[in-house]
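The chains referred to below are lettered A, B, ... by the order of the sequence lines, with proteins before strands, and numbering in each begins at 1. FYI, side chains are in, hydrogens and waters are out, and symmetry mates aren't considered; it's all heavy atoms of this structure.
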2 protein chains.
Amino acid sequence: MGRHREFDVGEALDAALCVFWRKGYEGTSYTDLTEAAGIDRPAFYSAFGNKESLFRKALDRYYERYMDYIPDALELPTARAVAAHLLYSAVDLNTRYPDHTGCLALHGALAGSDDAEPVRQALIDARAVGEAQLRERFERAKAEGDLPQRSRPEVLAAFVMAVLHGMAVQAKAGFSRAKLEAVAEQALSAWPANDSPIARSPP
Amino acid sequence: MGRHREFDVGEALDAALCVFWRKGYEGTSYTDLTEAAGIDRPAFYSAFGNKESLFRKALDRYYERYMDYIPDALELPTARAVAAHLLYSAVDLNTRYPDHTGCLALHGALAGSDDAEPVRQALIDARAVGEAQLRERFERAKAEGDLPQRSRPEVLAAFVMAVLHGMAVQAKAGFSRAKLEAVAEQALSAWPANDSPIARSPP
DNA sequence: GTGATTTAGTAACGATGATTATCGAAACGT
DNA sequence: ACGTTTCGATAATCATCGTTACTAAATCAC
């Protein structure tokens, strides 16, 4: 019983997500949100709670709808394929929408006031989850012989994440898709090959 | 003629720089600045102009005092030494001060409101200058035979910058110095070797 | 239909943002 | 020593921030 909602909650959340993606958590005002979603301030509060709660819901949706290439990547047969799929998918996502380039999980809240500390930490945690999944995948690859014994899965995971972060920063700075793909390719050129007589130079 | 300033302008600028370093441009309030510098609001305005002008002065000082390893790096004899020096110096800077980790040129303003757009662009420009210097250095290395003919200096420069950005993000997330050094090492492991019979596997 | 209940929308709230006007105090040149 | 000039500090200004009462409209159960 009671009145029905006139607006679509999913659409409103998508609109908020795009604004957060472009301006970050603290850079986004409720005026921005209402203009983008076409609904009034109190409607946001009744539907999503306060601003922090809204951002967290937007972040969840972001991972569901846009970072869906992560589980796909982790299932690929080789560690190198996993890394390549992640890097090129990220380039695509970072440059797909001209009005909100880069990655929400990064510049949603990199630095900010003390009030934004909870969401900054939430983004750190979210990224840490992705890195842990990647590390575990690489540990499996090492156990399977896909990665050489001298390789360090946690370092490879951190390295791939660093390149992903760096490309997101560059995408936000306006870098072209082609340039970012070249960066990804360069990152992959260092990928540890499995032990073979002439594949690598002696240490 | 007239009264002398009671506070040291350089110290006040350093204090402001550290706050910007930690909280970013928009995340920093004048209350933060006055508390850090120990001087009142109007003193900041009379000495540095408005907030944007203050941030630009802080950014200039940042490059002078903290990014002084860039010119040193560019003068090293080989492209690989240049990249290595940049990466490891950045790791050191990004983790040297526990209360303001990472890099001001990055999270000073990655995303933000429309008001912050000028400073965001200023940081993009500043980073582009560094990348251009690096690209020119690598072009010289290629001309000198230090880099193989098949290498692409602009890609190598963008790649090194991407890793630098990514490590800054990770430093701000609390990554240890050792972990970042491992990331830098992994990035360097891909460095194009000069053509020699056994140094690299055939394409 | 009628009443209960939930939403939409207007408007206001207190707090804080950046930015100055103002005035007394201090330090210079002459 | 004195007038001028600059600085330091209190406080006020205007805008905007996130958040919420409050009222009118709309939907359900009965």
Side-chain angles (χ1 to χ4, degrees), chain A residues 1-13 15-20 22-59 108-109 111-122, chain B residues 1-13 15-17 19-20 22-59 108-109 111-120 122:
Chain A
M1 39 192 163
R3 186 173 174 175
H4 288 324
R5 241 188 210 106
E6 289 186 358
F7 63 94
D8 184 49
V9 179
E11 286 182 9
L13 187 54
L17 165 56
C18 290
V19 181
F20 281 133
R22 182 153 53 95
K23 299 190 171 187
Y25 174 67
E26 281 195 311
T28 299
S29 72
Y30 263 95
T31 304
D32 297 326
L33 294 170
T34 55
E35 287 178 357
I39 63 176
D40 301 280
R41 269 175 277 244
F44 268 108
Y45 282 93
S46 68
F48 306 107
N50 67 359
K51 193 184 178 185
E52 178 178 337
S53 171
L54 170 59
F55 183 83
R56 289 179 184 275
K57 288 180 172 62
L59 183 64
S113 74
D114 295 340
D115 290 347
E117 184 60 23
V119 304
R120 199 178 74 86
Q121 193 62 46
Chain B
M1 40 190 163
R3 184 176 174 175
H4 286 323
R5 242 189 209 106
E6 288 187 358
F7 65 92
D8 184 51
V9 180
E11 286 182 9
L13 187 54
L17 164 57
V19 182
F20 281 133
R22 181 153 53 94
K23 298 190 173 186
Y25 174 67
E26 281 196 310
T28 300
S29 72
Y30 264 95
T31 304
D32 297 327
L33 294 170
T34 54
E35 286 179 356
I39 63 176
D40 301 282
R41 270 176 276 247
F44 267 108
Y45 282 93
S46 68
F48 305 108
N50 66 0
K51 193 184 177 186
E52 178 179 337
S53 172
L54 170 59
F55 183 83
R56 289 178 186 274
K57 288 180 172 62
L59 183 63
S113 74
D114 295 339
D115 290 349
E117 184 59 23
V119 304
R120 199 178 74 88

S.K.: For A/Y25, give me all partners under ring pair (Phe, Tyr, Trp, His ring centres under 6.0 Å), at least two apart in sequence or on another chain.
M.R.: A/F55
S.K.: At 10 degrees resolution, what angle do the end axes of the helix from C/dG1-D/dC30 to C/dT30-D/dA1 form when each is taken over five base pairs?
M.R.: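 Overall, the helix from C/dG1-D/dC30 to C/dT30-D/dA1 bends by 10° from one end axis to the other.
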S.K.: Near DNA chain D, under 4.0 Å by heavy atom, which residues of residues 24-51 of chain A?
M.R.: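 Those residues whose heavy atoms fall under 4.0 Å from DNA chain D, taken from residues 24-51 of chain A in numerical order, are A/T28, A/S29, A/Y30, A/T31, A/R41, A/P42, A/Y45, A/N50, A/K51.
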S.K.: Of all residues at least two apart in sequence or in a different chain, which pass the side-chain contact (heavy atoms from CB on, under 4.5 Å) check with B/E11?
M.R.: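 Here the qualifying residues are B/D8.
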S.K.: In chain order, what residues pass the salt bridge (charged side-chain N to carboxylate O under 4.0 Å, His left out) check against B/D114, with sequence neighbours excluded?
M.R.: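 Applying salt bridge (charged side-chain N to carboxylate O under 4.0 Å, His left out) to B/D114 gives A/K23.
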S.K.: Separation of A/E6 atom CD from D/dT27 atom C1', in whole Å?
M.R.: 11 Å
S.K.: Whole-Å distance between D/dG18 P and A/L54 CG?
M.R.: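 A/L54 atom CG is separated from D/dG18 atom P by 11 Å.
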S.K.: Answer yes or no: does a side-chain N or O of A/H4 lie under 4.0 Å from OP1 or OP2 of D/dC28?
M.R.: yes
S.K.: Applying salt bridge (charged side-chain N to carboxylate O under 4.0 Å, His left out), can you list everything that pairs with A/R3, at least two apart in sequence or on another chain?
M.R.: A/E6
S.K.: Can you list every salt bridge (charged side-chain N to carboxylate O under 4.0 Å, His left out) pair that touches residues 45-54 of chain B, not counting sequence neighbours?
M.R.: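 Non-adjacent pairs meeting salt bridge (charged side-chain N to carboxylate O under 4.0 Å, His left out): B/E52-B/R56.
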S.K.: Salt bridge (charged side-chain N to carboxylate O under 4.0 Å, His left out): which pairs involve residues 33-42 of chain A, sequence neighbours left out?
M.R.: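 The answer is none; no pair qualifies.
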S.K.: Got a sec, which residues hit side chain to side chain donor-acceptor pair (under 3.5 Å) with B/S113, two or more places apart in sequence or on another chain?
M.R.: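 B/S113 satisfies side chain to side chain donor-acceptor pair (under 3.5 Å) with B/E26 only.
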S.K.: Distances for protein N/O vs nucleotides 23-25 of chain D N/O pairs under 3.5 angstrom?
M.R.:
from   : atom 1 : to   : atom 2 : distance (Å)
D/dA25 : N3     : A/R3 : NH1    : 3.1

S.K.: Give the minimum heavy-atom separation between B/A15 and B/A36, together with the two atoms involved.
M.R.: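 Heavy atoms only, the tightest pair is CB-O, 3.9 Å.
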S.K.: Could I get the full list of side-chain contact (heavy atoms from CB on, under 4.5 Å) partners for A/A58, not counting sequence neighbours?
M.R.: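 side-chain contact (heavy atoms from CB on, under 4.5 Å) check on A/A58 returns A/L13, A/L17, A/F20.
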S.K.: B/S53: what forms a side-chain contact (heavy atoms from CB on, under 4.5 Å) with it, not counting sequence neighbours?
M.R.: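 With sequence neighbours excluded, B/S53 shows a side-chain contact (heavy atoms from CB on, under 4.5 Å) to B/N50, B/K57, given in chain and number order.
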